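Accompanying notes for the structure given below.
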Amino acid sequence: MPAAPRTSLVLRHLDTLADTQALWSARLLRPSASARLAERVAELSDTRAGAVEAHSAELRRIERDLHDGVQAQLVALSMRIGLARQQVRADPDAALARLDEAQEGVEGALAELRQVVRTVHPPVLTDRGLAGAVRALAASSAIPVEMGLSAVESGHRLPASVEAAAYFAVAEALTNIRKHSRATRASVRFTRTNGLLRVTVTDDGAGGADEYGGSGLLGIRRRVAALDGTTGLTSPPGGPTELRVELPCGS
């Protein structure tokens with residue numbers, strides 16, 4: 001056999017052996033089903049731990065708000081009513097003034113209680129749905145907010161937990177934009193594909209957002225993770241900032 005054909009044949013055999021070796025190496029290096037399952041269990045355990053911690057922190061916040069706000073106002077209200085009862089015969093005018101103060105105290109306590117309720121599950125979300133609730137957030141924003149809400153305006157309502165997570169993600173993002181970004185405009189967009197609700201909030205501000213810097217972004221991540229969703233943040237110095245949330249929505 002001439003040298004050139006023999007060399008070509010050897011090279012083809014070497015190529016075949018190399019391809020076979022690469023295939024087997026890929027199979028050997030690929031995680032086994034049990035390894036993937038163990039990784040998924042560990043991931044869910046971390047998610048559950050984060051969700052439990054977030055839930056505990058939320059309960060502590062609600063307890064603090066009720067104790068420092070509503071409870072303190074109710075105690076003051078009780079004292080004013082007690083003074084009014086003591087003065088009603090001896091000094092009716094003073095008693096009436098205490099009752100007027102008590103009425104103002106009732107109105108203040110109710111307003112404080114409504115605010116606490118809004119942080120648990122905003123009534124606007126129940127009444128108007130996710131699109132209407134986000135419009136209300138945008139209407140109260142200090143800067144213009146461009147919206148793409150068609151994905152959540154038609155069809156069946158999403159599960160309440162998904163709507164709440166999406167709403168609070170947008171609310172927290174717009175609050176951060178107002179407080180920290182120095183942005184002149186923002187946008188909120190929803191899309192739904194392959195059983196996922198995608199929420200994207202962007203702004204043209206200074207960037208540099210840090211989810212571990214006490215800005216509330218860590219709370220968003222934990223709330224989303226509790227529903228087996230994901231959160232991504234891109235915020236280079238100088239901007240722009242983009243927050244991405246994906247939530248399983250079943251449709």
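This is a predicted model, so every value here is computed, not measured.
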Next on the checklist: For the backbone of A171 and the side chain of T175, can you confirm whether one donor and one acceptor N or O come within less than 3.5 Å of each other?
Outcome noted: yes

Checklist entry - Sub-3.5 Å donor-acceptor pair from the side chain of S78 to the main-chain atoms of V75, do we have one? => result no

Compare every heavy atom of [Y] with every heavy atom of [X], then report the nearest pair and how far apart it is.
| X | Y | value |
| --- | --- | --- |
| A109 | L74 | CB-CD2, 4.3 Å |
| D204 | A183 | OD1-CB, 3.3 Å |
| A84 | A95 | O-CB, 3.5 Å |
| L130 | A166 | CD2-CB, 4.0 Å |
| A136 | R128 | CB-NH1, 4.0 Å |
| A102 | I81 | CB-CG1, 4.0 Å |

Next on the checklist: Heavy-atom count check: over 12 atoms from other residues, nucleotides or ligands less than 6.0 Å from R89 CZ?
Outcome noted: no

Checklist entry - Hey, does I177 have a side-chain heavy atom less than 4.5 Å from the side chain of I143? => result yes

Next on the checklist: A side-chain contact here means heavy atoms from C-beta on lying under 4.5 Å apart; do L233 and T241 qualify?
Outcome noted: yes

Calculate, to the nearest 0.5 Å, the distance between atoms [atom1] and [atom2] belonging to [X] and [Y] respectively.
| X | Y | atom1 | atom2 | answer |
| --- | --- | --- | --- | --- |
| L77 | Q73 | CG | CD | 9.0 Å |
| H180 | D203 | NE2 | CG | 11.5 Å |
| N194 | C249 | CG | SG | 10.0 Å |
| L243 | L217 | CG | CG | 6.5 Å |
| T191 | L197 | OG1 | CG | 7.0 Å |
| T193 | E246 | OG1 | CD | 7.5 Å |

Item to check | Working for side chain to side chain contact (heavy atoms under 4.5 Å, CB included), residues V188 and V145 | outcome: CA-CA 7 Å; V188 178; V145 180; 3.8 Å; yes

Checklist entry - Is a side-chain donor-acceptor pair under 3.5 Å present for S141 with R178? => result no

Next on the checklist: For T234 and R244, which I'm curious about, is there any donor-acceptor pair between the side chains at under 3.5 Å?
Outcome noted: yes

Next on the checklist: Would M147 and R189 count as a side chain to side chain contact (heavy atoms under 4.5 Å, CB included) here? Give the steps.
Outcome noted: CA-CA 6 Å; M147 291 176 288; R189 297 193 176 278; over 6 Å; no

Next on the checklist: For a side chain to side chain contact (heavy atoms under 4.5 Å, CB included) check, start with the C-alpha distance between R223 and F168, then their side-chain angles and the critical distance, and finish with the verdict.
Outcome noted: CA-CA 9 Å; R223 185 187 289 269; F168 282 117; 3.5 Å; yes

Checklist entry - Which is it for L83 and M79 under the side chain to side chain contact (heavy atoms under 4.5 Å, CB included) test, yes or no, and what are the steps along the way? => result CA-CA 6 Å; L83 288 173; M79 293 177 61; 5.6 Å; no

Next on the checklist: As a test of understanding, state which of V245, L158, V170 forms a side-chain contact (heavy atoms from CB on, under 4.5 Å) with F190.
Outcome noted: V170

Checklist entry - Does a side-chain N-to-carboxylate-O contact under 4.0 Å join E153 and R135? => result yes

Checklist entry - Does the pair R185/E146 count as a salt bridge with the N-to-O cut at 4.0 Å? => result no

Checklist entry - Quick one: side chain to side chain donor-acceptor pair (under 3.5 Å) partners of T200, sequence neighbours excluded? => result none

Checklist entry - Mind checking whether V106 and L99 sit in one hydrophobic cluster, side chains of I, L, V, M, F, W, Y counted as touching below 4.5 Å? => result no

